[in-house]
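Shown next, in C-alpha cells, is the structure this report addresses.
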Amino acid sequence: MSDIQTLPFAKALNAGLRAAMAADDHVLLMGEDIGPLGGVFRVTEGLHAEFGSQRVLDTPLAESGIVGTAIGLTMAGFRPVIEIQFDGFVFPAFDQITTQLAKLTNRHEGTANFPVVIRIPYGGHIGAVEHHQESPEAYFAHTPGLRVVSPSTPNDAYWMIQDAIASPDPVIFLEPKAKYWMKGEVDVAERALPLHASRVVRRGTDVTLVGHGAMVTTLLQAAALAEGEGTSCEVIDVRSLAPIDYEPILESVRRTGRMIYAQEAPGNVSVGSEVAATVMERAFYALEAPVLRVSGFDVPFPPAKLEGQFLPDADRILEAVDRVLAY
Amino acid sequence: MSDIQTLPFAKALNAGLRAAMAADDHVLLMGEDIGPLGGVFRVTEGLHAEFGSQRVLDTPLAESGIVGTAIGLTMAGFRPVIEIQFDGFVFPAFDQITTQLAKLTNRHEGTANFPVVIRIPYGGHIGAVEHHQESPEAYFAHTPGLRVVSPSTPNDAYWMIQDAIASPDPVIFLEPKAKYWMKGEVDVAERALPLHASRVVRRGTDVTLVGHGAMVTTLLQAAALAEGEGTSCEVIDVRSLAPIDYEPILESVRRTGRMIYAQEAPGNVSVGSEVAATVMERAFYALEAPVLRVSGFDVPFPPAKLEGQFLPDADRILEAVDRVLAY
Amino acid sequence: MTPSFEAPAEASDVVRVLAADGSYAPSPTAERYLPLIDALTDAELETFYRDMVVVRAFDRQATNLQRQGQLALWPPSLGQEAAQVGSVRAARTHDHVFPSYREHVVVTTRGVDPIDIIRLMRGLTHGGWNPADHQNTHLYTLVLGAQALHATGLGMGLVFDGRTGTGDPEKDEAVIVYYGDGASSQGDVHEAMVFAASYNTPQVFFLQNNHWAISVPVSTQSRVPLARRGEGYGIPSVRVDGNDVLASYAVSKLALDEARSGAGPRAIEALTYRMGAHTTSDDPTKYRTSDEEESWAERDPIARMRAFLQNRGASASFFDEVDAAAAAYADDVRVRTNALGDIPTEIMFDHVYGDAHPLVQEQQRWLAEYEASFEEGNA
Amino acid sequence: MTPSFEAPAEASDVVRVLAADGSYAPSPTAERYLPLIDALTDAELETFYRDMVVVRAFDRQATNLQRQGQLALWPPSLGQEAAQVGSVRAARTHDHVFPSYREHVVVTTRGVDPIDIIRLMRGLTHGGWNPADHQNTHLYTLVLGAQALHATGLGMGLVFDGRTGTGDPEKDEAVIVYYGDGASSQGDVHEAMVFAASYNTPQVFFLQNNHWAISVPVSTQSRVPLARRGEGYGIPSVRVDGNDVLASYAVSKLALDEARSGAGPRAIEALTYRMGAHTTSDDPTKYRTSDEEESWAERDPIARMRAFLQNRGASASFFDEVDAAAAAYADDVRVRTNALGDIPTEIMFDHVYGDAHPLVQEQQRWLAEYEASFEEGNA
Ligand SMILES: Cc1ncc(C[n+]2csc(CCOP(=O)(O)OP(=O)(O)O)c2C)c(N)n1
Ligand SMILES: Cc1ncc(C[n+]2csc(CCOP(=O)(O)OP(=O)(O)O)c2C)c(N)n1
Ligand SMILES: [Mg+2]
Ligand SMILES: [Mg+2]
C-alpha cells in the first residue's frame with residue numbers, strides 16, 4: 001500500500017481514529033449513534049465492529065453526561081474522543097467543558113492531564129434545519145485551557161485528529177462538515193505540520209486572505225477569481241484557532257499590507273475580531289488598510305434556503321478585496 | 001423625598017427592581033437564595049417580604065431549570081428577572097440561553113417576545129474562591145439575539161435594570177460585584193441615557209480609554225495619574241456590550257488617534273478584540289497607533305491571592321498608555 | 001447494551017384497552033379508565049381513527065416529497081399515531097401543547113397547517129406558526145428536552161395567575177409536553193420534573209417511548225421502565241400502550257384533568273414504535289432487525305383501531321370516505337409544497353430582536369446594497 | 001414553600017442503629033446491616049469517634065481563622081461528621097472518592113493535609129493536593145453536581161479495564177461521590193445516574209441531605225424523599241440517619257461492596273443537618289428558626305457516639321486523650337495557617353496547559369518583565 005492515499009475527508013478522519021485506537025488501547029470513542037450506525041456522518045464507520053462496545057460507546061443521549069464522564073474516564077487513564085452530533089448540540093455540555101474540562105489541568109496544578117478530544121461537525125453548506133449548521137468556535141477559543149483546531153483537508157484531518165488525541169490537553173476538534181465528502185491526498189507516512197501551525201496554501205502579493213475550515217476553499221476560489229482581475233492573493237489556513245500561529249500571517253501582511261479574515265461564524269466578538277486586533281497590534285505600520293472581516297451576519301443561522309445569503313462566498317470575499325484595495 | 005438620592009450600587013439596583021415590580025405585576029424575580037435571604041449580595045433584600053413568594057422565587061438549585069422555566073413564564077405573560085448567584089455558575093444554563101432564549105424571538109418570526117433579564121454579578125476584586133470572580137461577557141456578546149449591558153454607577157444600575165426589564169428582548173445584565181458597595185447619586189426622576197448608549201465620563205485629548213463595568217473606575221484612576229504626567233485621557237464607559245454604541249468612541253478616537261480597551265475578561269476573542277477591530281475598520285486613518293487591549297490574562301481566573309496580578313489596574317493601563325503614545 | 005426488544009408493551013402494568021387485533025380487552029390496570037372510554041361517542045371514536053389515517057397519509061406524502069428533493073429532511077411519525085392522537089385529543093382547546101419535533105399528528109390536530117411543518121423541513125422557516133393562533137400549540141423544539149422546561153415554566157405562570165386549579169375544568173388550563181425516550185436522559189427533563197413537582201404545575205409529561213433514539217435502543221437510556229423516573233419526584237406516572245388510541249386517550253385525559261384540578265404534575269410513558277426511519281437521512285437496517293420491525297407492524301395502531309371500529313359495526317363506506325379524505329389531504333399538501341416560493345433575504349434580519357438593533361440593521365442594509373449592486377451589474 | 005422541618009430522620013424507612021441519646025436501638029430497616037456493625041472492633045469504633053472530634057476541632061479552628069481574616073471563606077462541616085466519617089471509613093484505600101466542597105471530614109480521613117483545604121479557602125490554590133497521593137481522593141468541586149459525572153466516568157473506566165467486579169474485594173475498586181440536597185436538582189446528577197445505570201458502574205451516590213441549600217429548604221428541591229430518585233433509574237437506594245455514624249458506616253459499606261462486586265450503582269440519602277452557617281459569609285437567622293437548630297443539636301452525631309462508647313465502658317481518659325489530640329491538631333493547623341506565605345505570580349500560567357502554549361507563555365513573559373520593571377524602578 002502506498003504511503004499516499006486518496007481519501008474523502010470523513011474517511012481520512014476514520015483512518016486517523018483507527019490509527020490512534022490501534023496505537024493506544026486506552027483511546028476510546030463516545031457519542032450518540034457512533035456505534036453500529038457509524039455516526040450520522042459515518043466518520044466512525046466500522047470502528048464499533050473492529051474495536052467493540054467498550055472502545056466505541058453509543059452513550060445515553062446527554063451531552064453534559066458525555067463530556068462529564070469523559071473527564072472521569074481520563075482519571076482512569078483513558079483518552080476519550082467525543083463526537084457531538086451537530087454543532088448546535090454542544091451547548092448542554094458547555095458547563096462541563098468550560099468550568100471543568102478547561103480548568104482541571106490548572107486545578108490539579110500539573111499533577112494530572114485531561115486529554116479529551118471533542119469532535120464537532122460544524123458550519124453550513126448542507127441545507128439542514130436549525131442547530132445543524134452553526135460555527136461555535138468563538139466560545140471555545142475564548143476559553144483558557146482549551147485548544148481549538150479545525151482541519152480543512154483530508155491530510156490534515158488524518159494527522160490532526162491523531163495529534164489532538166496525543167495532546168495532553170483538551171482539544172475542541174472542529175470538522176467542517178461541508179468538506180466531509182471532499183477527496184484529497186493523504187500521506188499516511190509523514191505528518192506535514194504540527195497541530196497548531198498555520199499554513200500558507202497559496203502565495204500572493206497584494207492581499208492576504210486568512211480563514212479556517214470550509215472557508216479556506218472559498219478563499220481559494222476568491223483568490224482564483226481575483227487573479228483574473230489582476231489581484232494576487234495569498235491564502236492562509238490557520239488550522240488552529242487557539243492558539244493561533246501568527247508568524248505566517250504577519251510575514252504575509254508585512255508584504256501585502258492588506259488582509260481579510262473570513263469565517264462562517266457571526267462576526268461580532270469572534271475569532272476574526274481577535275485576528276484583526278492582533279494583526280493591527282503586531283503589524284501596525286505594515287497595514288495599508290484596516291484588516292477586514294467577512295463573516296456570517298450577527299443573526300441566528302437562518303433557514304437553510306437563505307444559507308447562500310448568510311454564508312460568505314467568493315463574491316463577498318472579492319467585495320472585501322475591492323474595499324481593502326481602495327485604501 | 002428628593003429626586004436625587006445617594007445610594008450604594010446594590011441598593012440602587014434594589015430600588016430599580018422594586019420600581020419595576022411595582023409598575024408591572026407580571027415582573028417576577030427568580031434565583032437561588034433571593035427570597036428571605038435577599039440574595040448573597042442582598043440585591044433583592046426586602047422584596048420577598050414586600051411582594052411574596054410568587055413574585056420572588058427561591059427556585060430549586062438548577063440554572064438550566066431557572067432559565068428554561070423563565071422562558072415558559074414569558075409564554076404566560078410574565079417578565080422574569082433571574083439572578084445567577086455568581087458569574088461562574090451561569091454555564092449550566094448556557095444551552096437554554098443560547099439555543100433557546102436568544103433564538104426564540106427569531107424562531108417565532110415576530111409573533112412573540114421573550115423578555116427575560118439575566119442578572120449576573122461578575123468580575124473580580126472580592127478575593128473569592130474559584131468560579132466567583134469571572135467575566136463571561138464575551139460568550140453572550142457573541143450570541144445573536146441577546147442584549148448585553150453592564151452598569152458601572154448606582155444611577156445606571158437603577159435605570160438600566162428598569163430599561164432591561166422593559167426591553168422586549170432577552171438582556172444579560174452584568175453587575176460588577178466590586179461596585180455593589182460603591183455609593184453614588186441616583187436621580188430617581190429622570191433617566192440620563194438610553195440603555196445602549198455609551199458615555200464619555202471624562203474628557204481628554206491624547207488617548208481614549210474605553211471599558212466597562214468595574215474597569216471604568218480603574219480607567220478613571222489611570223486618567224488621573226496620567227494627567228499628573230501630562231497626558232490627557234478621555235474615558236468612555238460603553239455601558240452596553242451588545243450592541244455597542246460606537247459613535248462616542250469613534251468621535252473621540254478621531255480626535256486622539258489613540259485608544260485602549262480595558263477589561264477583566266481574558267483578552268483572546270473578547271469584547272476588547274471586537275472593539276479594537278471595529279475601531280480600526282471605522283477610523284483607520286485617524287489611528288496613530290494600534291488600538292491596545294489591557295485584559296485579564298488568557299488563563300483561568302487565578303487563586304484570589306493573585307487577583308491583583310491578574311486584574312488590570314491603573315499601572316497596567318498606564319503602561320499601555322505609554323506604549324500607545326510611543327507610536 | 002442488550003437489545004431493547006422484549007415486547008414490553010405487553011407487560012402487566014401497561015394500561016391497554018384494545019388488544020393488538022383490535023378486540024376490546026382491557027388490562028386490569030385499565031379498569032379506572034374505562035368510564036372515560038365508555039363516555040366517548042361514535043363520532044369521537046371515528047375522529048380518532050380519521051386523525052390517524054389522515055396524518056399517516058400526510059406523513060407518507062412528506063417522506064415522498066423529501067425523496068423528490070422538496071424537503072431537507074423528514075422525521076416520520078409513522079407508527080406513533082395512536083399515542084399522539086389519543087393524548088392530544090384528551091387536551092382541551094385552552095390547554096398548552098409543547099411538541100418535540102416528530103409530533104406531526106399532535107400539531108395538525110390542533111389546527112396547525114401541515115404546510116407549516118413542511119416549510120420548516122424545507123428550510124423556509126425555523127418556526128412556522130403562531131402558537132397563539134393554534135390552540136396554544138407551541139413550535140417544534142429541536143434541542144432535545146429543552147421544551148420540557150418551557151412547559152413547566154408556563155405551568156408555573158398558570159399557577160401564579162390562578163388560571164388553573166380553580167375547580168372549573170372548562171377554564172382551568174393545563175400543559176402537556178412531548179419528548180422521547182432518548183431525550184429523557186437530558187438534564188433538562190430532570191430539572192423540568194424538579195420544578196414541576198416543586199411548583200405543583202398543572203402539567204403532563206408525555207414520553208413517547210418509541211424504543212429508539214436514532215440508532216440507540218432505549219435500554220441504553222434506562223434499564224427499568226422510564227415511567228419510574230417520575231415517581232422519583234413524587235409525580236404519579238403510568239405506562240400505557242401507545243399503539244392503543246383509546247388507552248392513550250384515557251390516561252392522558254385523566255392525567256390532564258387531575259393536573260388542571262390542582263393535583264400537580266403527572267407523567268405518562270407511552271410504549272410505541274418508530275415504524276419508519278429516524279429521518280429520511282437514516283438507515284434503520286444498520287441497527288435493528290426486520291423481525292423487530294415486523295413484530296411491531298403487527299401492533300399497528302391504525303389497523304387496531306380499524307378492527308375495533310369494524311367489530312363495532314362501522315360501515316365500509318366510512319373507511320372509504322376516510323381513505324379518500326386522507327388522500328385528498330396529502331394531495332393538497334403535495335400541490336401546495338410544489339407551489340412554495342422563495343423567502344426574502346431580509347427575514348433573516350427581521351425578527352432577531354423585538355426592538356431596533358443597530359448592528360443587525362447595519363448588516364441588513366449592507367446586504368441589501370450588496371445584492372442590489374449585482375442587479376445593477378446584471379441590468 | 002413549606003418549611004422542611006418535620007423530623008424526617010425519624011421516619012420508619014430510615015436506617016438507624018443508635019438513637020439520638022446514644023442507646024443501641026436499631027430500626028427494623030437496620031436489621032440487615034447489624035452484622036457489619038457487630039464486626040467492628042473497639043479500635044474501629046474509637047477511630048470513628050476520634051475522626052469526628054478531631055475534624056470538628058479543625059472545622060471550628062478554620063471558622064475562627066476565617067473570622068480573623070486568614071481565609072476568604074469557610075464552609076463548616078459542623079454536624080455532618082457522622083455521615084462523612086461513616087461513609088468514608090466504609091471505603092477501601094483503593095477506592096475513589098469524589099467530594100463536593102464541604103467534605104472536610106472525608107478528605108482529611110483519606111490523608112489529605114487539612115492545610116491544603118485551608119490553602120484552597122485562603123485563595124492560594126484552586127486544588128490543593130494530588131489525588132493519586134491521597135487514596136484517590138479527588139479535588140473539591142465547586143460547581144454543584146459536576147463531580148457526579150466525573151465519578152461515573154471513572155467508574156466506567158474501572159469497568160472497561162476490569163478493575164472491578166472480579167469478585168475479589170481486596171482488589172475490586174469502587175467509587176463514592178458526595179453531593180448535597182441542593183445539588184441533587186442539577187441536571188448533571190441526573191445524567192450521572194443515567195450513565196451509571198447504563199454502564200453498571202461500581203459507584204455509590206452519597207447524598208448528604210443537610211436540609212438546606214444555603215437559605216433554601218430541601219422541600220423546594222423535592223416533596224418526596226430524595227432517595228426515591230435513584231429508584232427511578234433502577235438504582236437501589238436507602239435512607240440513613242446521617243447523624244448515626246454506625247448506620248452511615250454500615251449502609252455505605254454494604255453499598256460499596258455490592259457496587260464493587262459488579263451489582264451496579266447504589267444510592268444513599270443521609271439525613272443530617274448543617275448545624276453551622278452555610279459559609280462564614282452566611283447568616284442563617286435570616287431563614288431558619290432557632291427551634292429547628294436546637295432540635296438538631298439534640299441529635300448531635302458526636303454526642304451520640306460518645307454516649308454509645310461511654311455506655312460500652314470507654315474510659316474517661318480515652319475521651320480526654322481524643323479531646324487533647326483534637327486540640328493539638330487544630331492548634332497545628334492554626335500555626336501552619338499563620339505561617340502560610342505568598343504564592344508566586346507565575347503559577348497562574350504554569351499549569352493551564354500540559355503542553356507549551358505560545359499565548360500563555362508570551363503573557364507570562366510579559367508580566368515577568370512588567371513586574372521586573374517596577375523592581376528596577378524601585379531599586
Ligand atoms: C441536545 C441534542 N442532542 C442531539 C440531538 C440530535 N438528535 C436528534 S433526534 C435524536 C434522537 C432522539 O431520540 P428520542 O428522544 O427517543 O426521540 P425520537 O427521535 O425517537 O422521536 C438525536 C440524538 C438533538 N436534536 N439535540
Ligand atoms: C452550579 C452552581 N450553582 C450555584 C452555586 C452556589 N452555591 C454554592 S453552595 C450552594 C448550596 C448548595 O446546597 P447543597 O447542595 O444542599 O449543599 P450544602 O451547601 O448544603 O452542603 C449554592 C447555591 C454553585 N456552587 N454551583
Ligand atoms: Mg425515541
Ligand atoms: Mg444541603
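Quantities reported herein were computed from a predicted structural model and do not represent experimental measurements. The chains referred to below are lettered A, B, ... by the order of the sequence lines, with proteins before strands, and numbering in each begins at 1.
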Among B/Ala304, B/Ala62, B/Ser64, B/Pro60, which residue forms the greatest number of heavy-atom pairs with chain D at distances under 4.5 Å? B/Pro60

Rounded to the nearest 0.5 Å, the CG atom of B/Leu209 sits from the OG1 atom of B/Thr218 at a distance of 11.0 Å

With a 4.5 angstrom heavy-atom cut-off, which part of B/Gln133 approaches chain D: side chain, backbone, both or neither? neither

Gap separating the OG1 atom of D/Thr63 from the CG atom of D/Leu78, nearest 0.5 angstrom: 7.5 Å

Bottom line for D/Leu144: the part with an atom under 4.5 Å from chain B's heavy atoms is side chain

Heavy-atom cut-off 4.5 Å, strictly under: side chain, backbone, both or neither for D/Ile343 against chain B? both

Based on non-hydrogen pairs under 4.5 Å, which of D/Leu124, D/Leu73, D/Leu120 is most in contact with chain B? D/Leu124

Which region of B/Gln85, side chain (C-beta onward) or backbone (N, CA, C, O), has a non-hydrogen atom less than 4.5 Å from a non-hydrogen atom of chain D, or is it both or neither? side chain

Pick from D/Ser222, D/Ala213, D/Ser215: which one has the most heavy-atom pairs with chain B under 4.5 Å? D/Ser215

N/O donor-acceptor pair under 3.5 Å between D/Gln66 side chain and D/Ala72 backbone: yes

Test item: B/Arg258 side-chain N/O and B/Val321 main-chain N/O as donor-acceptor pair under 3.5 Å: no

Using a 4.5 Å heavy-atom cutoff, which residues in residues 356-369 of chain D come close to chain B? D/Leu359, D/Val360, D/Gln363, D/Trp366, D/Leu367

What part of B/Glu307 is in contact with chain D, defined as an atom under 4.5 angstrom from a non-hydrogen atom: side chain, backbone, both or neither? neither

Cut-off 4.5 Å, heavy atoms of chain D, and the answer for B/Glu130 is both

Relative to each other, are the rings of B/His131 and B/Phe89 parallel, tilted or perpendicular (30° and 60° limits)? tilted

Is it the backbone or the side chain of B/Asp315 that comes under 4.5 Å from a heavy atom of chain D, or both, or neither? both

In terms of ring plane angle, is the pair B/Phe94 and B/Tyr139 parallel, tilted or perpendicular, where the classes change at 30° and 60°? perpendicular

Once you round to the nearest 0.5 Å, how far does CD of D/Glu346 lie from CD of D/Glu371? 8.5 Å

For the interface with chain D, which of B/Glu32, B/Glu63, B/Arg316 has the highest count of heavy-atom pairs at distances below 4.5 Å? B/Arg316

Measuring from atom CG of D/Leu65 to atom CZ of D/Arg334, what distance do you get when rounded to the nearest 0.5 angstrom? 8.0 Å

In Å and rounded to the nearest 0.5 Å, what is the OH to CD distance from D/Tyr179 to D/Gln186? 12.5 Å

Using a 4.5 angstrom heavy-atom cutoff, name the option from D/Tyr287, D/Tyr353, D/Tyr370 with the most pairs to chain B. D/Tyr370

Assert top hit (heavy-atom pairs under 4.5 Å, partner chain B, pool D/Arg119, D/Gln221, D/His126) equals D/His126

Atom pair OG1/CG of B/Thr44 and B/Leu29 - distance to nearest 0.5 Å: 7.0 Å

Would you say D/Asn209's side chain and D/Asp181's backbone share a donor-acceptor pair under 3.5 angstrom? no

Please look at D/Tyr140 and chain B and tell me whether the side chain, the backbone, both or neither of the residue comes under 4.5 angstrom of a heavy atom of that chain. neither

Under 4.5 Å from any heavy atom of chain B - which part of D/Ala183: backbone

Interchain contact, D/Arg122 with chain B, by part (heavy-atom threshold 4.5 Å): both

Count the heavy-atom pairs under 4.5 Å between each of B/Phe86, B/Phe91, B/Phe297 and chain D, then report the option with the highest count. B/Phe297

Residue part contacting chain B, namely of D/Pro284, when any heavy atom lies under 4.5 Å: neither

Would you indicate whether D/Asp342, at its atom CG, is surrounded by more than 12 heavy atoms from other residues, nucleotides or ligands within a distance under 6.0 Å? no

For the ring pair B/His132 and B/Phe301, is the centre-to-centre distance below 6.0 Å? no

Looking at every heavy atom in both B/Val67 and B/Ala93, which two are closest together, and how far apart are they? CG2-CB, 3.6 Å

Quick check on D/Thr125 against chain B: is it the side chain, the backbone, both or neither that has a heavy atom closer than 4.5 Å? backbone

Using ring centroids (six-membered ring only for Trp), state whether D/Trp74 and D/Tyr101 fall under 6.0 Å. no

Sequence neighbours excluded, every pair satisfying ring pair (Phe, Tyr, Trp, His ring centres under 6.0 Å) that has a member inside residues 42-67 of chain B: none

At a 4.5 Å cut-off on heavy atoms, which part of D/Asp282 comes close to chain B: side chain, backbone, both, or neither? side chain

